[in-house]
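Note sheet for the following structure.
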Amino acid sequence: MTTPVGRITGLLAPLLLLGACSWDHGLHRSTELLNDRLQARLAPDIAAGSAALQPAQNGAVVTLLGNSDFTEKVDAQTGTYREVRASVIQGLLDPSLIHIAVADTSSLTAEQRATRVRNVTQYFKDNGLALSLLPEGQAPVVPAGTPAAAAPQGVTITLLLDCPAHRQPNNWNYLPPIPSCH
């Protein structure tokens with residue numbers, strides 16, 4: 001004879017597993033979208049050798065290569081200035097879904113590396129990403145199973161998606177919706 005608890009568990013278990021799978025699928029799909037957007041936005045910078053992009057299991061790692069003061073370069077095709085930090089921001093998804101960690105892995109002096117990290121961090125703050133930035137020195141939590149490919153030396157910007165497990169119901173528009181992964 002089956003108990004009421006057993007019946008409820010039997011009915012709810014498949015739904016919970018389905019929800020977990022769809023959440024994981026949403027994270028995977030959002031990670032692919034993030035990497036596709038970054039690849040598109042950073043393509044000229046990658047081709048010019050001023051940036052590198054590495055996909056991660058739940059985000060991406062962008063490495064800014066070369067120039068330590070991030071001076072703007074004129075894009076010959078459009079007559080405009082290219083700013084690699086702006087390209088990173090333009091490639092992001094909803095900033096409330098992303099945690100950003102900035103570090104410098106170059107062989108410059110400690111003072112130069114700290115200046116470069118402050119420069120990128122301040123640029124992100126000035127452009128509305130202050131709440132997405134992890135405190136300086138706090139390493140991002142990279143999930144197990146992420147390939148540990150050696151990133152090139154430079155300023156690394158680690159972008160990690162943090163997807164809520166459940167999307168907030170509409171609530172008749174009384175509360176702002178909580179963003180979720182696709």
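All values derive from a computational prediction rather than experimental measurement. In this chain, numbering begins with 1 at the start of the sequence shown.
A side-chain donor-acceptor contact under 3.5 Å links Arg113 to the backbone of Leu108. Asn35 places a side-chain N or O within donor-acceptor distance of the main-chain N or O of Gly59, the cut-off being under 3.5 Å. At distances below 3.5 Å, at least one donor-acceptor pair connects side-chain atoms of Thr105 with backbone N or O atoms of Gly154. Between the side chain of Arg37 and the backbone N or O of Gly91, at least one donor-acceptor pair lies under 3.5 Å. Checked by atom type and distance alone, the side chain of Ser87 never pairs as donor or acceptor with a backbone atom of Leu42 at under 3.5 Å. Counting only distance, with no hydrogens or angles, the side chain of Ser50 and the backbone of Asp45 share a donor-acceptor pair below 3.5 Å.
Ala101 and Leu134 get closest at one heavy-atom pair: CB-CD1, 3.9 Å. Closest of all the heavy-atom pairs between Ser96 and Ser132 is N-OG, 4.5 Å. Among all heavy-atom pairs drawn from Ser30 and Leu161, the shortest one is C-CD1, 3.6 Å. Across every non-hydrogen atom of Asp104 and Val117, the tightest pair is N-CG2, 3.6 Å.
Within the model, atoms CG of Asp94 and CD1 of Ile98 stand 7.5 Å from one another, a figure rounded to the nearest 0.5 Å.
Judged purely by distance below 3.5 Å, without hydrogens or angles, the side chains of Asn127 and Arg85 never pair a donor atom with an acceptor atom. Thr121 and Arg118 form no side-chain donor-acceptor contact under 3.5 Å, judged by distance and modelled atom types alone. For the residue pair Thr109 / Gln112, a side-chain donor-acceptor distance below 3.5 Å is found, with atom types taken as modelled.
Clustering ILVMFWY residues whenever any of their side-chain heavy atoms sit less than 4.5 angstrom apart, transitively, puts Leu53 in the very cluster that holds Leu33.
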